[in-house]
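Here is the structure we will look at, set down as structure tokens.
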Amino acid sequence: MEKTFNAAEAEARISKLWLDAGAFRAGANAKPGAPAFSVMIPPPNVTGSLHMGHAFNNTLQDILTRWHRMRGFDTLWQPGTDHAGIATQMVTEREMAANGEPTRREMGREKFVARVWEQKKKSRGTIIGQLQRLGCSCDWDREAFTMSGAPGAPEGEEGNFHDAVIKVFVDMYRKGLIYRGKRLVNWDPHFETAISDLEVENIEVPGHMWHFKYPLAGGETYEYVEKDAEGNVTFREVRDYISIATTRPETMLGDGAVAVHPSDERYAPIIGKFCEIPVGPKEHRRLIPIIADEYPDPTFGSGAVKITGAHDFNDYAVARRAGIPCYRLMDTRARMRDDGMPYAEAAAIAMAVARGETTLTEAEVDTINLVPDDLRGLDRYEARKRLVEQITAEGLAVTVVRKSIDKETGAEHLERVPYVESKPIMQPFGDRSKVVIEPMLTDQWFVDTAQIVGPALDAVRTGRTKIIPQSGEKTYYHWLENIEPWCISRQLWWGHQIPVWYGLDLAAPDFADDEGDGALDPVEMLRLLGDGGYVTRDARFHCAADFAGVAERFRDDLAALPVPLNAARVVEVADRAAAVDMLAAALAEYETTQDPTRLIYPVWRDPDVLDTWFSSGLWPIGTLGWPEDTPELKKYFPTSVLVTGQDILFFWVARMMMMQLAVVNDIPFRTVYLHGLVRDAKGKKMSKSLGNVIDPLEIIDEYGADALRFANAAMASLGGVLKLDTQRIAGYRNFGTKLWNACRFAEMNGVWEGHETGPAPQPKATANRWIIGETARTLTEVNEALENFRFDQAADALYKFVWGKVCDWYVEFAKPLFDGPDAAETRATMAWVLDQSMILLHPFMPFITEELWGTTGKREKLLVHTDWPDLPVTLIDRDAEREMTFVTTLIDDIRSARAQVHVPVGLKADLVATSLTDEARAAFQRNEALIKRLARVDSITEGAAPKGSIAVTAEGAAFAIPLEGLIDITEEKSRLQKALDKLTKEIAGLKGRLDNPNFVKSAPEDVVMEAQANLEARQDEARKITEALKRLADLS
RNA sequence: GGGCGGUUAGCUCAGCUGGUAGAGCGUCUCGCUUACACCGAGAAUGUCGGGGGUUCGAAUCCCUCACCGCCCA
């Protein structure tokens, strides 16, 4: 054997060994009739690459998986990747730009989607290969993808995940769990799509708060009065305006009202009156009502809030309550709108609405563009700047007096300046695009989460699904109990296109075939096409898995229409505009031909795709073949454990819970293990800009996958932050080497000759019996730790056992034993112990252990499939344990004493036993050889302590090491005195407790007994040390 | 502002249902003792964030304050 394990050379070879053997296949190594153990990998982004978070997360999954597989469970670790809509589209577009390829829009949707598939194929291997380098024992043949089987999927991307997603959408739609609506959503102006609340990061940035005057309509005035807490008037003035504070002046253009709190006496006189928005051309100023609503905080700002329903979430709620129209001001890129009728006309309509003279449908409101002509098409921030200038120029900014002193004359100047507060404001940013999110009123699809959240909550409340650590459950409840509707439509091209088709609404209420002759004359036609006709009316829509499905439903709609429309043929076109054109052409043709068979009814598909989390929400059933009733689904669902980051609890875990329960009425997993974010050694988030990113592949290159894995396991205590330190990884690489060298030592001593794995031997020598017991104890610890997901405790137990027990002591004990009569049983014991070490370490360090397994003996199976031991506790031999504790502490004490009084390490000393109980003598005699070797002792005698010796005590024994002339007497005195001081303190503490009648009375009996025994032992030791000190005093 | 978590040796962290503090790394001293210098032997280091309470006894339970982190507003 080499001196160290060559990870770089061996890992690829061992990986291949496992893969060629099909070692990771679902059910591999399962015992007949064994229970299933299944884990779904949190699918990484298909274009992503492995970062430390993945490495950590997947190490834990692999440990669980390998552990269960070795225990004979029917094990499946399901791998796969996520199509990651926005991220993948972004990556692809970026690469296309870098290559000088045409843009997405130039290409068109179909070509672009094909291009993304190319990208997917290209990058898919990256992260999968990286997971394999980490040693992940997924069933790679089953690799899944959240868009497999989607239209346009190339060869090799078959599968039915797409079918599952579409089926779920259709089913949920039919059950009324999914609806479409114009709602305020988080709009990402960079990607020009809606995103969910969870994809928004709120960050505090420096901002400004402007204060403006909204003049009351018709020059009305009121008395504005401020009072203190006692009701005394502190300020009083007659005002003709209401003061409004805003951080976003550009949204003033869309104001629909000003709101004040109903209890706010200052504004009570003007509730119900109108005020003017101080923006836009003077002659077209809009008036808006002053309303009462609970939302405004009377203590904040002026207490009055402008209500811009289409651009603020709070305002939106107020607007809905009060029936205030929400005017959209921006386009998809968050520039001020530049469409629709001129401002003068739009403002006039809005005025009429505010006065209650007319009402508009939602669709009609959306056509009203209230951006003044001079601001149309401007960026939102440019528009803000200009508006502030315009309002200030008009004198409608609230001002404050500023005092300045002229440096030359010393004269005081008082001037009024606009009141602009500079203060930090919370701003929403897109987590991918990093641009400021704009609340935007758009048509979107929503899951009515309120309807499906109940079972997901119950599953955790009743314990059917357990979340670890438990604090995760609290967070889970808190979020789900306050859940908002989930916006699932995204204005992207890469994803599952929503299975909804739209058709023009031909059921104009005033449309009739006057003559009842089935012939459409121009008059009748005009009713269809004219004002209020299908061209402007909202579309009708139907949902089905495919076009054939919706066509049928549209035919049902048409059947209710008069002749000849009822016979129109349903065809699919690109979009609404195409449909309008085509229908017009078809009607025109009908007019001349009067041939109803040639009438067509064009429908178009919703261009939006589904939120990625909607599809990954089906990962547990989708990867197992649902909606088909596959054997895998029967066997591996619900899954056993989900291991994922706590940051993903809402995004994914909660949604999987809701969706699985809604779709198949079962929990997706029995246990959810949540872990923290991996950070650098100082606890900082790893980020490219900080330059503190640790690349797991570089770590694997340098230290080996096993070292990284063991470090991950050791870090995995419950809760908290995970700080990754390369020094620690190096330490665990050393740990692997330590085991390696123990096996190498065994090899040199013929331990492996003719060795085969077998049951524990039954040796006679105490050291051998002891280490077998220690092995059994460690197994219990590891099992218990893993059952409780305490990877850190399992790793710790293994580290202490292999290094602290096997290498530090047992290997040393074996050296003299190999030269004595117990050599054969010692070889057998060592072989067995090292075998167990490899087995127990395998889930944590699969490469080095598999390599050792293969080189050290004749093995029936690969280690990956070797049985996890089941060792009876009877292997723990209490007598052997006591005896070895005596021996090891004695050796430790002798070494320590020697070192402290500077006895040369190379010197072999004599040892005189000055007092021994029978038990101590027996233990001592049986292990003489070990003590001699490890404590560097030459000869052993019994007798009185010679002059000038150092004293060592042990349980039931006292020893002296005669070293007259060699030792530093002062040093020895101070050593003993120090020990005595410590003992005295302990004795005082123990005595104090035992002398306290309350302690003896109320403490449990065994605690009292233990304290008593402890006191006696300490006192005995103190006596021995005092004697030794006395001898030293005599000497000098 | 609301919720969750944390504060233990120089650093990173263990410490379960209360019985009087541990590990790894780092530091220092010594050592080429025939598995291993990715090693061995030895050593030092803590008013367990502050205050109060419950208890015979508190790092551990309760209250409170301070600071830090995360999530949601």
Side-chain angles (χ1 to χ4, degrees), chain A residues 1-5 197-198 200-202 297 313-314 426 428 469-479 481-482 484 646-647 649-650 676-677 679 681-683 685 703-704 707 711 714-715 717-749 751 784 788 790 792-793 795-796 799-800 803-804 807-808 811-812 814-815 891-892 894-900 902-906 908 933-936 975 985-986 989-990 992-1004 1006-1008 1010-1011 1014:
Chain A
M1 278 170 82
E2 297 296 315
K3 266 193 173 184
T4 57
F5 171 57
D197 305 355
L198 294 172
V200 175
E201 288 172 350
N202 290 295
D297 175 0
F313 284 94
N314 290 313
M426 283 302 249
Q470 225 185 346
S471 62
E473 293 188 357
K474 288 186 193 171
T475 317
Y476 177 86
Y477 296 143
H478 190 253
W479 191 70
E481 280 162 3
N482 299 291
E484 299 283 331
Q646 60 201 186
D647 54 327
L649 178 64
F650 308 138
L677 238 64
R679 311 205 164 211
K682 289 181 189 128
K685 228 176 182 168
Y703 302 102
M715 285 198 304
S717 59
L718 290 179
V721 179
L722 308 158
K723 294 176 193 164
L724 192 75
D725 189 352
T726 46
Q727 271 195 311
R728 203 161 167 190
I729 298 170
Y732 293 127
R733 186 262 328 258
N734 298 352
F735 174 58
T737 309
K738 193 74 183 170
L739 173 71
W740 181 268
N741 276 291
C743 294
R744 184 162 164 263
F745 168 80
E747 185 196 43
M748 290 170 166
N749 286 280
V751 164
E784 267 179 31
N788 294 309
R790 291 303 304 264
D792 57 327
Q793 288 179 352
D796 192 51
Y799 189 94
K800 286 196 165 101
W803 199 315
C807 295
D808 282 350
V811 168
E812 295 304 325
K815 286 172 185 172
I891 292 168
D892 274 342
I894 295 174
R895 281 171 168 175
S896 174
R898 288 174 52 127
Q900 283 184 63
H902 309 303
V903 175
V905 185
K908 289 208 169 182
R933 186 187 178 99
L934 295 177
R936 317 221 98 227
R975 180 183 78 90
K985 220 167 126 189
E986 277 178 35
L990 286 163
R993 272 207 281 167
L994 287 162
D995 287 349
N996 182 341
N998 281 326
F999 172 71
V1000 182
K1001 202 168 62 197
S1002 23
D1006 55 323
V1007 173
V1008 179
E1010 197 192 312
N1014 220 336

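Every chain is numbered from 1 and lettered A, B, ... according to where its sequence line falls, protein lines coming before strand lines.
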### Task
Nearest whole angstrom, please: distance from the C1' of rC72(B) to the CD of Glu201(A).
14 Å
### Task
Kindly say whether the aromatic ring centers of Tyr732(A) and Tyr799(A) come within a distance under 6.0 Å.
yes
Close N/O contacts between protein and nucleotides 55-62 of chain B (under 3.5 Å):
from, atom 1, to, atom 2, distance (Å)
rC56(B), O2', Asn996(A), ND2, 2.9

### Lys800(A) side-chain proximity, nearest of rU12(B), rG19(B), rA23(B)
rA23(B)
### Query
Quantified in whole Å, what is the P atom distance between nucleotide rU47(B) and nucleotide rG3(B)?
33 Å
### Message
Defining pairs by Watson-Crick or G-U wobble geometry with both distances under 3.5 Å, how would you list the stems of RNA chain B with at least three pairs each?
### Response
B:1-7 with B:66-72, B:10-13 with B:22-25, B:27-31 with B:39-43, B:49-53 with B:61-65
### Task
State which residues pass salt bridge (Lys or Arg N to Asp or Glu O under 4.0 Å) with Glu986(A); sequence neighbours excluded, sorted by chain then number.
Arg1018(A)
### Query
salt bridge (Lys or Arg N to Asp or Glu O under 4.0 Å) with Glu1010(A): which residues, sequence neighbours excluded?
none
### Query
Got a second to check how far Arg936(A)'s CZ is from Ile891(A)'s CD1, nearest 0.5 Å?
12.5 Å
### Task
Give the rounded distance in Å between these two atoms: CG of Asp792(A) and P of rG22(B).
19 Å
#### Entry: Between rU12(B) and rG51(B) - P atom distance, rounded Å
23 Å
### For Lys800(A), all residues meeting salt bridge (Lys or Arg N to Asp or Glu O under 4.0 Å), sequence neighbours excluded
Asp796(A)
### Partners meeting side chain to side chain donor-acceptor pair (under 3.5 Å) with Gln727(A) (sequence neighbours left out)
none
## Note on the structure
Per-nucleotide protein contact along nucleotides 32-41 of chain B, 5' to 3', at a 4.0 Å heavy-atom cut-off (B base, S sugar-phosphate only, - neither), is ---BBSBSSS
### Task
Quick one: list whatever passes ring pair (Phe, Tyr, Trp, His ring centres under 6.0 Å) with Phe650(A), sequence neighbours left out.
Trp479(A)
#### Entry: rA23(B) and rC48(B), which share atom name C1', separated by this distance in whole Å
16 Å
#### Entry: Pairwise C1' distance for rG46(B) and rG1(B), with rounding to whole Å
38 Å
### Query
Do the side-chain N and O atoms of Arg993(A) and Asn996(A) include a donor-acceptor pair separated by under 3.5 angstrom?
no
### Span that lies between the P atom of rG10(B) and that of rU27(B), in whole angstrom
15 Å
### Task
Pick base, sugar-phosphate or nothing for Tyr703(A), based on heavy-atom distances below 4.0 Å to the nucleic acid.
nothing
### Query
Of all residues at least two apart in sequence or in a different chain, which pass the salt bridge (Lys or Arg N to Asp or Glu O under 4.0 Å) check with Glu812(A)?
Lys815(A)
### Task
Find the distance Phe313(A):CZ to rC72(B):P and express it as a whole number of Å.
14 Å
### Task
Mind calculating the distance between CD (Glu784(A)) and P (rG15(B)) to the nearest angstrom?
15 Å
### Query
What pairs with Phe5(A) under ring pair (Phe, Tyr, Trp, His ring centres under 6.0 Å), at least two apart in sequence or on another chain?
Trp740(A)
### Query
How far does the P atom of rC62(B) sit from the matching atom of rU55(B), given to the nearest Å?
16 Å
### Distance between C1' atoms of rU60(B) and rG6(B) (Å, rounded)
15 Å
### Task
Let me know the distance between CD of Gln793(A) and C1' of rC16(B), rounded to the nearest Å.
8 Å
### Task
Taking side-chain contact (heavy atoms from CB on, under 4.5 Å) as the test, write out the residues that go with Ala746(A), two or more places apart.
Val751(A), Trp752(A), Met830(A), Leu834(A)
#### Entry: Between P of rC13(B) and CZ of Arg728(A), the distance in whole Å
9 Å
### Task
Rounded to the nearest angstrom, tell me the gap between atom CZ in Arg898(A) and atom C1' in rG31(B).
12 Å
### Query
Can you name the side chain to side chain donor-acceptor pair (under 3.5 Å) partners of Glu2(A), sequence neighbours left out?
none
### Task
Sticking with atom C1', work out how far rG15(B) lies from rU8(B), rounded to a whole angstrom.
9 Å
### Query
Less than 4.5 Å apart, any side-chain heavy atom of Leu934(A) and any of Arg895(A)?
yes
### Message
Rounded to whole Å, please give me the gap between CZ in Phe650(A) and C1' in rC70(B).
### Response
11 Å
